Amino acid sequence: MLDFERDLDELRSRIAELEAESDLDSASDVLRQLELMQLELEARTADVFSRLTPWQRVQLARHRDRPHTLDFIERMIDGFVELHGDRRHGDDMAVVGGVGSLQGRRVVIVGHQKGRGTRQNVERNFGMAHPEGYRKAIRLFQLAARFGLPVITLLDTPGAGPALEDEERGQSWAIAESMAVMARLETPIVVAVIGEGGSGGALAMGVGDRILMLEHAIYSVASPEAAAAIIWRDSKFAERAAEALGLTSDVLYAADLIDRIVPEPPGGAHRDYDATAENLAAALVDALEELQAVPPADLVTERYAKFRAMSAHMESSPDDAVVDGSSVVPEDRHGL
């Protein structure tokens with residue numbers, strides 16, 4: 001339970017207790033009380049979630065019950081066949097992908113996969129991909145291009161695997177290669193940030209023709225903790241860093257870094273997987289329909305232009321580059 005959810009959860013518990021203890025068929029006064037409590041819950045939820053701070057959005061994006069890639073695949077993709085391995089080293093469980101149908105349209109879908117509970121998170125490396133995970137993704141991207149299938153990627157990772165073994169197996173090269181392959185891929189690509197879009201681990205699978213974000217997801221070149229450790233030399237300033245990074249969907253949409261915000265159910269995606277998947281599926285279909293008429297060569301040209309345009313920034317004065325006496329990179333209009 002997140003701190004700002006505590007009062008809402010207490011009200012939900014009172015509603016559940018009243019429903020369990022009452023004979024709803026004969027107690028009209030109880031029905032009326034429940035109706036009023038439901039209305040109160042809706043109003044309070046709307047009020048709380050309309051005033052979320054960036055740090056609270058970070059907490060929501062990391063919520064342990066938030067739906068992950070396989071949860072969305074289960075609800076959105078018919079006839080999904082998962083493909084495994086990078087054909088070089090092994091099968092990275094932090095990245096899942098395969099072929100299936102999205103409302104009758106054959107697609108290749110790839111995404112980061114976190115676990116539930118300690119054991120699964122260790123197996124999935126907390127959604128932090130190893131080099132073989134990105135190479136598996138590359139293999140699927142190339143498969144999609146070979147058969148003329150659109151690509152969907154779902155981003156949900158705190159970052160790429162940081163272990164020495166990952167670097168020894170070519171982590172930075174794998175990330176760069178994945179971005180390069182996506183940049184040149186002659187098939188539609190739709191990217192959706194479903195939770196944490198963290199650092200190069202997310203950017204590696206984030207080069208697309210359309211970039212979507214769930215309402216309470218985050219997307220940033222660095223985690224708030226990492227940014228705080230760099231700028232203030234202390235990760236305890238993570239909440240302040242979240243404010244400065246501009247990592248929320250509304251800020252990124254206003255800066256033209258993403259193309260669409262996908263609404264989440266009241267209370268966040270972890271409250272209703274089905275409704276969240278329905279909203280995301282509708283947004284993905286809309287994006288794919290927009291792209292289906294674009295010639296492959298034009299897709300590559302427009303994709304290149306899209307990401308080149310993201311380099312626009314506002315000039316900052318020298319004074320803006322100092323925070324608490326620490327020199328920092330001037331903040332640009334995209335918060336990167």
Side-chain angles (χ1 to χ4, degrees), residues 69 83-97 108-113 124-146 151-193 196-211 218-223 226-227 230 245 247 252 257-258 296-297 299-313 329 332 334-336:
T69 291
L83 302 178
H84 298 271
D86 68 341
R87 301 299 187 265
R88 298 188 196 180
H89 179 82
D91 186 30
D92 184 2
M93 294 181 67
V95 174
V96 296
V108 167
I109 184 166
V110 186
H112 302 98
Q113 178 64 30
R124 302 280 184 184
N125 199 33
F126 297 86
M128 296 185 293
H130 303 292
E132 51 269 24
Y134 294 116
R135 293 185 180 117
K136 174 165 62 174
I138 291 168
R139 187 168 71 87
L140 290 169
F141 298 154
Q142 293 171 337
L143 178 72
R146 189 179 312 143
V151 170
I152 296 170
T153 64
L154 304 182
L155 311 187
D156 186 18
T157 179
L164 176 61
E165 293 80 2
D166 294 323
E167 296 298 338
E168 289 174 341
R169 293 201 299 274
Q171 182 72 291
S172 58
W173 180 270
I175 290 172
E177 186 180 11
S178 181
M179 296 175 72
V181 168
M182 295 185 81
R184 302 189 189 101
L185 209 65
E186 293 190 349
T187 194
I189 305 174
V190 181
V191 176
V193 187
E196 286 186 272
S199 190
L203 295 172
M205 298 197 300
V207 181
D209 305 295
R210 298 290 184 272
I211 315 296
I218 59 172
Y219 200 17
S220 176
V221 72
S223 71
I230 293 169
L245 282 168
L247 42 63
L252 294 170
L257 286 175
I258 64 171
L299 281 173
V300 174
T301 300
E302 292 175 10
R303 192 181 304 143
Y304 176 81
K306 177 184 182 67
F307 280 84
R308 285 288 294 175
M310 292 181 184
S311 63
H313 65 279
V329 177
D332 65 35
H334 298 146
L336 299 181

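The shown structure was predicted, so the numbers you read here are calculated from the model rather than taken from an experiment.
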Enquirer: Just by distance, do the side chain of S223 and the backbone of A226 share a donor-acceptor pair under 3.5 Å?
Expert: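 Confirmed, S223 side chain pairs with A226 backbone.
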
Enquirer: Quick one: closest heavy-atom pair of A204 and Y134, and the distance?
Expert: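 Looking at all heavy atoms of both residues, the shortest contact is CB-CE2, 3.5 Å.
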
Enquirer: Y219 vs L203, test: side-chain contact (heavy atoms from CB on, under 4.5 Å). Steps then yes/no.
Expert: CA-CA 9 Å; Y219 200 17; L203 295 172; 3.5 Å; yes

Enquirer: So, does R139 use its side chain to make a donor-acceptor pair with the main chain of H84 at under 3.5 Å?
Expert: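 Side chain of R139 to backbone of H84: a pair is present.
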
Enquirer: May I have the step-by-step check of side-chain contact (heavy atoms from CB on, under 4.5 Å) for V110 and L154, ending in yes or no?
Expert: CA-CA 6 Å; V110 186; L154 304 182; over 6 Å; no

Enquirer: Nearest 0.5 Å, what's the CD-CZ distance between Q142 and R184?
Expert: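 It is 11.0 Å, given to the nearest 0.5 Å.
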
Enquirer: To the nearest 0.5 Å, tell me how far M310 CE sits from I258 CD1.
Expert: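 So the CE of M310 and the CD1 of I258 are separated by 9.5 Å.
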
Enquirer: Output yes when E132 and R88 qualify as a salt bridge under the 4.0 Å nitrogen-oxygen rule, no when they do not.
Expert: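 Answer for the salt bridge query: no.
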
Enquirer: I need the I175 CD1 to S199 OG distance, nearest 0.5 Å.
Expert: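 So the CD1 of I175 and the OG of S199 are separated by 7.5 Å.
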
Enquirer: What's the shortest heavy-atom distance between A227 and L245, and which atoms?
Expert: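 The pair with the smallest heavy-atom distance is CB-CD1, 4.1 Å.
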
Enquirer: Which heavy atom in L299 sits nearest to a heavy atom in D209, and how many Å separate them?
Expert: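 Looks like O-OD1, 3.6 Å.
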
Enquirer: Using 0.5 Å steps for rounding, measure from the CG atom of D92 to the CD atom of Q113.
Expert: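 Going from the CG atom of D92 to the CD atom of Q113 covers 11.5 Å.
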
Enquirer: Here's a test for you: under side chain to side chain contact (heavy atoms under 4.5 Å, CB included), which of L252, L155, V191, I189 qualifies with I211?
Expert: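 Considering L252, L155, V191, I189, a side chain to side chain contact (heavy atoms under 4.5 Å, CB included) with I211 is found only for V191.
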
Enquirer: Cut-off 3.5 Å, side chains only: do D156 and H112 have a donor facing an acceptor?
Expert: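 Distance-only check fails for D156 and H112.
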
Enquirer: Looking at R303 and M182, would you say the former's side chain and the latter's main chain have a donor-acceptor pair under 3.5 Å?
Expert: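 Here the side-chain-to-backbone pair exists.
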
Enquirer: So does M205 get a backbone contact from the side chain of T153, meaning a donor-acceptor N/O pair under 3.5 Å?
Expert: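 Side chain of T153 to backbone of M205: a pair is present.
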
Enquirer: Inspect the contact between K136 and D91 and indicate whether a charged nitrogen and a carboxylate oxygen are less than 4.0 angstrom apart.
Expert: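 Yes, D91 and K136 are salt-bridged.
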
Enquirer: Apply side-chain contact (heavy atoms from CB on, under 4.5 Å) to the pair V108 and F141, showing each step before the final yes or no.
Expert: CA-CA 8 Å; V108 167; F141 298 154; 5.5 Å; no

Enquirer: Tell me the closest heavy-atom pair linking A94 and M128, and the distance in Å.
Expert: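 In terms of heavy atoms, the two residues are closest at CB-O, 3.7 Å.
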
Enquirer: So does G127 get a backbone contact from the side chain of T157, meaning a donor-acceptor N/O pair under 3.5 Å?
Expert: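 Checking the backbone N and O of G127 against the side chain of T157, a donor-acceptor pair under 3.5 Å is found.
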
Enquirer: If you look at every heavy atom in A129 and V95, which pair is closest and at what distance?
Expert: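 Heavy atoms of A129 and V95 come nearest at CB-CG2, 3.6 Å.
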
Enquirer: How many angstroms lie between atom CG of L164 and atom CZ of R169, to the nearest 0.5 angstrom?
Expert: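 The CG atom of L164 sits 10.0 Å away from the CZ atom of R169.
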
Enquirer: For G161 and N125, work out which heavy atoms get closest and say how close.
Expert: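 In this case the closest contact between G161 and N125 is CA-ND2, 4.2 Å.
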
Enquirer: Look up atom CD1 in I152 and atom CZ in R210, then write down how far apart they are to the nearest 0.5 Å.
Expert: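 If we round to the nearest 0.5 Å, I152:CD1 and R210:CZ are 14.0 Å apart.
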
